[in-house]
Each structure stands twice: as C-alpha cells, then as structure tokens.
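In what follows, chains are A, B, ... by sequence order, proteins preceding strands, each numbered from 1.
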Number of protein chains: 2
Amino acid sequence: MNTKKKNAAPTMKDVALEAGVALGTVSKVINGLPVGASYRLRVEEAIQKLDYHVNSYAQGLKSNKTYTVALLIPNTYNPFFARLVYEINIALLKRKYRMLLCTTDFDSKLEQDYITIAKQNKVDGIIGLTYNPNLQVDESISFVSIDRPMGLHIPCVASDNFAGGQMAVEKLADLGCKNVAFLRVGSALDSEPNKRKAGFENGCLARGLSYEEKIITDGQPISEFEAFFQSHIANGKLEFDGLFCVTDFLAHEVIKMLKNLGLTVPSDVQVIGFDGVRAFGTGDYFCSTIVQPVADIAEMCVSLLLSETMQTKPPLICLPVSYAYGGTTKDSEAFAKFAKKGEAL
Amino acid sequence: MNTKKKNAAPTMKDVALEAGVALGTVSKVINGLPVGASYRLRVEEAIQKLDYHVNSYAQGLKSNKTYTVALLIPNTYNPFFARLVYEINIALLKRKYRMLLCTTDFDSKLEQDYITIAKQNKVDGIIGLTYNPNLQVDESISFVSIDRPMGLHIPCVASDNFAGGQMAVEKLADLGCKNVAFLRVGSALDSEPNKRKAGFENGCLARGLSYEEKIITDGQPISEFEAFFQSHIANGKLEFDGLFCVTDFLAHEVIKMLKNLGLTVPSDVQVIGFDGVRAFGTGDYFCSTIVQPVADIAEMCVSLLLSETMQTKPPLICLPVSYAYGGTTKDSEAFAKFAKKGEAL
C-alpha cells in the first residue's frame, strides 16, 4: 500500500525513484545540464508520469534567486505607463523573469510599503517610477529608477528630455514659427522630464525665437491655460504661432481649449506634445509629438537591473527621442512619412 | 565574538533572542495575534533593531499560501486591458494580495506556459483573459476566466454583452434611427462578447428596425468596411442612419472612414461603440459607447478566486453595462449629462 499522503506534490526524490536514477541525474535534466540520452528519457518519462512540477519557491529559497522583479508604477491606465509596463514585461520574459506589478496611485506611503513587500517576496530587483521624494531604498536590493534621480547608487533611466524639448521648438522653428510658448503642468519634484523646459529655452535661444512660459502645478485648475491664452489674444488672433506642451495629454486638452476660443490647429497655431502616445495604444498619435523610446527604456532598465558583472552602474542614462507628425503641425505628408520612420512607441 | 555569518538575514529566532521572549510570542506579533502590550513592544523594538523582515518565501512554503495571484492578459497597452489590470491590482491590494503580471500577446503557447510558470510559483490562483481555445487548466489550481467560458469548473466573469448590444440599438432607435448596421471584427472563438451581436438583433426586432451585419475576421483588412459602406451609398447618402460597432476601437476607425467618404457623424449617421474607453485613460470617451463595468468585473474575479467557502462557484456571471454619450450620437447635452451618471470606466 502506498503510504504517501494523498495529493502531496511529487518531489525530485519521487522522480529519481520512479526513473531508477540518482537524484543528481534528475537535477541535471531539470537544469538543462548534459546527461546520457537514455537517462534523460527515463527522467522525462517519470516527470510526466508523476506530473512533477519544479517548485520555484523551494528553488528560490535554495538559490537565493526568485527570477521575479517588482515594478512600481502609478497605474496602468495612463497610456504611457501602460506601454512601459508592457515593454518591461517583454524584456523580463526574454530573460525568463516574471513581474510583480505594484500600482501605487502616486501614493508615497504605498510606494514605500511596496518596497517592503517586494523585499519580503525576495524579488531579484525593483524597477520604480515613483513620486515619493524621500523613498528609502537600502543598498541590499537592486533598484533601477525611471525618470527620477535617486542618488548615485541607483541608476536612473530616462528619455533625453533636454534634447526632446529642444527638438520640439526647433521643429516649430523649421515650420515657420516665430513666437512660441511652453506649457507645463507638473510637480516641483526633481525629475528628468523637467529638463524639457530647459531644452525648450535652449532651442528658442539657438533659433532666435521669442517665447513665454506658463507653468502650473498639479493642484491648479487646467483652465489657467485658457486664461493665459485669452490674455494673449489681440483682434481674435493668438500672439503665439507655436506651442510646446509638456505631455501629449496636455496638448490634447489645450487643443480643445483653443477650439473653444475659435482658434484652429495647426493653421492658427501649431502644437507639439511629448510622449508619443497613440489612441488605443496602437492607433493614431493624438498630436505631433516627441516620441519616448519606451521599448529601449524598458530594455535598459531590465538589463541594468539584472547585470551582475557591472560593478559601477551608470547613475543616469538618457535615451534618444524622435519626432513624429500627428496632424497638429504644418508638416507636409511626405515629410510626415519621413519623420515617422523614427517612431518608437 | 559574533560567529553569525556576515550579512545573513536575521531570523525569527534572532528576534526572540534579542527581545528575550519565546519564539511563539514573536510569531503572534508578526501574525497580528493578541499578546501582552509589553511583549509586543519588546518584539517590535527587536524587529526594528535587527532590521528583521518577514520571509514571505519561507512563509509560503509553510502555509501553502503565497498571497500572489497571476493575471494572464494579452497586453497592457490596449486601454480596456490597461484599465482591467489596474482595477484587478486594486482589488488584490485591498486583500493584501500581489499580482504576477503575465502578458501573453494573444500567443496560445505562451498562455499555456504561463499557467505552468504560475503553478511553479505556487500562486494562490489565476485570473485569465485568454485566447487559447484548448487551454489546459487542471482542477488543482483556482482559476477565474474573463470573457471566455472554459467549462463548468471555471467561473467566467463578463459584462452583460447581450444586454449591451440590445441597449446600443435601442438607444439608436430612441435617437430616431430606422435603418441600422452592426459591424464586427473578431475571432470565431466562443466568447461572451460575441453575444453583442445577438443582443443587437434582438433589439432590432423589438423596435422594428431593419438592419444589416458586416462581420470580418481578425485576418481580414479593416478596409472591407469601407467597401461595405460604398456599396450602401446612393446619391451621396448612406442607407444606414445608425451604426453599432463591436468595440470603441472599431468605432474610431469607422468614423475616420466615414469622414473620408464625405459623411458626417452624428448628423448623417450616428455611431455607438462598446467598452467605454477614454482618451488617456481618464479623459473623453472616444465615441458614444456601452460602458463595461471594469471595476466590478475586477472585484468579482478576485472575490470569486479567493473565496474559500464557496463550494459551488457560479459558471457564468454577467455584470450590468451602461450607456455613455461621447459625441457621436444626437443626444442633447442635458440627456448626455443624465446618461453619464451611469458611467463606470
């Protein structure tokens, strides 16, 4: 009579017994190490017969590796975050790693809690796009940050936001703009995307454009921009012929406002956003835009996080952005096709 | 001299020793069971001093519970999937569960592989929105399916797609339509969303509308719909005054086509989609739409999956949908406001 507890999962020992081989042979087969073909066959048959499954949990305890990475991100419904989650998952999958998804809703406490939870789950590393300026990450855990510099011991991966800001305004200049404005909503938090403003200013200086900036913080109503436009309309004409908005979302909102004010995009004023977000994730760009290289950001984060040989990890990595036409600028069709070749999102 | 291996993580035993209490007392504090206040304080101080962290891995091995749920979903960049991932994560977080995110890219083999991986990781259950008609899910694992019926032992959670299809066409009838069409792209796979068509037909019969249907499969070019419209234009006028599209994405594409054909939405033809997708996840609806109750679907999936007392799980649960105005129908502003109250996404 079989005294084995009913339903108890079979172990490697059971497989060895069933196959009539040594435990080490089973281990070799499971870990893909070379063994004689007949041994391999016997082990594989025993695995199938017993319905044996590798216990990643027990493996994790032994090897001190779980092949799991936690991703901290505010949410997945913002299309930029949604695409980032997807690309990071692809980059992990390629390396046979799994993702523990932690959506934080911009909650500082939750961000900190998730780091504790991730450590308790013995993840091999954490990738974080966080908003807690005081986030505590001890050096015992491998961490890569997206967009937020968090100190020299934590690599930060971002788009080249400065170059993107400059690219946007130089594109506006190429398309005939003389008097432009930069619009931004955002926290005062030190972050790489803040460099879009500096890039914009640099581009204006380089091309001799006159410019204004209207910056509101997260709490302020977006209608502040409408008041800003109204104060810059004379005889039904907007003073600006080009606008650079800090995100595609803001550009989308601003275009609605302009329409309400009786202005037409792009004939009255050209608009460029930032991110490269597409309707339904794969369709049209919402506006002409600076495209973030999301797949490259994801690949770089995962590659850095899991690198065991790199003793000195680079503190800041900026990846190249590209311009894409999305109907809110005066690019010709032919030009649009050319520009779209560089699209990454 | 301290002979403890450098960097070895402190254990519960170390905490007990430091606090000068029994191991059982430490366990009670960690698991939130009642102990005397002074004992609790001593244990908490020892935990802080030693920087002790619960080893969820070891806990999982002992308790046979990992407080982890795997989610199988094609991707996160489709906005409906993106919102679903977010809401399921919220529902898990409320119960202190974590999500292992498995994006499958509609790949049947990957879907099956992820079930093996999830089992190896000893997840407490799997929620799946899958496309593999032959997906093998043995009864040893708790599984809840979204949108796909997978047999009586696996609960399936979906929107009430039949009611949604009927609601869409009844709304078109209320708004004056007499001659409508149903447009669909989709696989032949048996799935709950397929009932949108039956609901549409039922609504047409109930309201005495004449109707046509144009259904193409996943591989066919979407331009088939343009040809369909062209064959139904007489003297520059489309025969249909109302269209029900199986998704918001299709509605969005169809509206572009109609524009190319010189037709105006909603004055020439009204369009209703399905899903309730918003631009940028939180902004405008792309079109007038039947809104899926994504938060309710998420909550129901998690609740069913983790229910330990429910011996007989319901095989199919259909959750109520609602209509939302999104600019592509002739609802008055006042009506739109009224209708929007029911919005869920």
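When the candidates Asp284(B), Leu84(B), Ile90(B) are compared by the number of heavy-atom contacts under 4.5 Å with chain A, Asp284(B) comes out ahead. Taking Phe249(B), Phe280(B), Tyr77(B) one by one and counting their heavy-atom pairs under 4.5 Å with chain A, the maximum is reached by Phe280(B). Comparing Lys96(B), Met99(B), Glu253(B) by heavy-atom pairs within less than 4.5 Å of chain A, the highest count is held by Met99(B). Of the listed residues Asn89(A), Leu71(A), Val85(A), the one with more heavy-atom pairs under 4.5 angstrom with chain B than any other is Asn89(A). For the options Asn78(B), Thr282(B), Thr116(B), Leu93(B), heavy-atom pairs under 4.5 Å to chain A are most numerous at Leu93(B).
Defined by atom type and a distance below 3.5 Å, a donor-acceptor pair is present between the side-chain atoms of Arg278(B) and Tyr285(B). A donor-acceptor contact closer than 3.5 angstrom links the side chains of Ser140(A) and Asp138(A). Remark: the Asn75(A) side chain and the Thr103(A) side chain contain no N/O donor-acceptor pair separated by less than 3.5 Å.
For a residue to count as touching a neighbouring chain, one of its non-hydrogen atoms must lie under 4.5 Å from one of that chain's; by this rule Leu110(A) touches chain B with the side chain only. If you measure heavy-atom distances from Phe81(A) to chain B, you find no contacts under 4.5 Å at all. The part of Lys256(A) that comes within reach of chain B is its side chain, from C-beta onward, which places non-hydrogen atoms under 4.5 angstrom from that chain.
Between Phe286(B) and His252(B), the angle of the ring planes goes over 60°, which puts this pair in the perpendicular group of the 30/60° scheme.
The residues Glu299(A) and Arg95(A) are annotated as salt-bridged, a charged nitrogen and a carboxylate oxygen being separated by less than 4.0 angstrom.
Cys287(A) SG to Phe274(A) CZ: the interatomic distance, rounded to the nearest 0.5 Å, is 11.5 Å.
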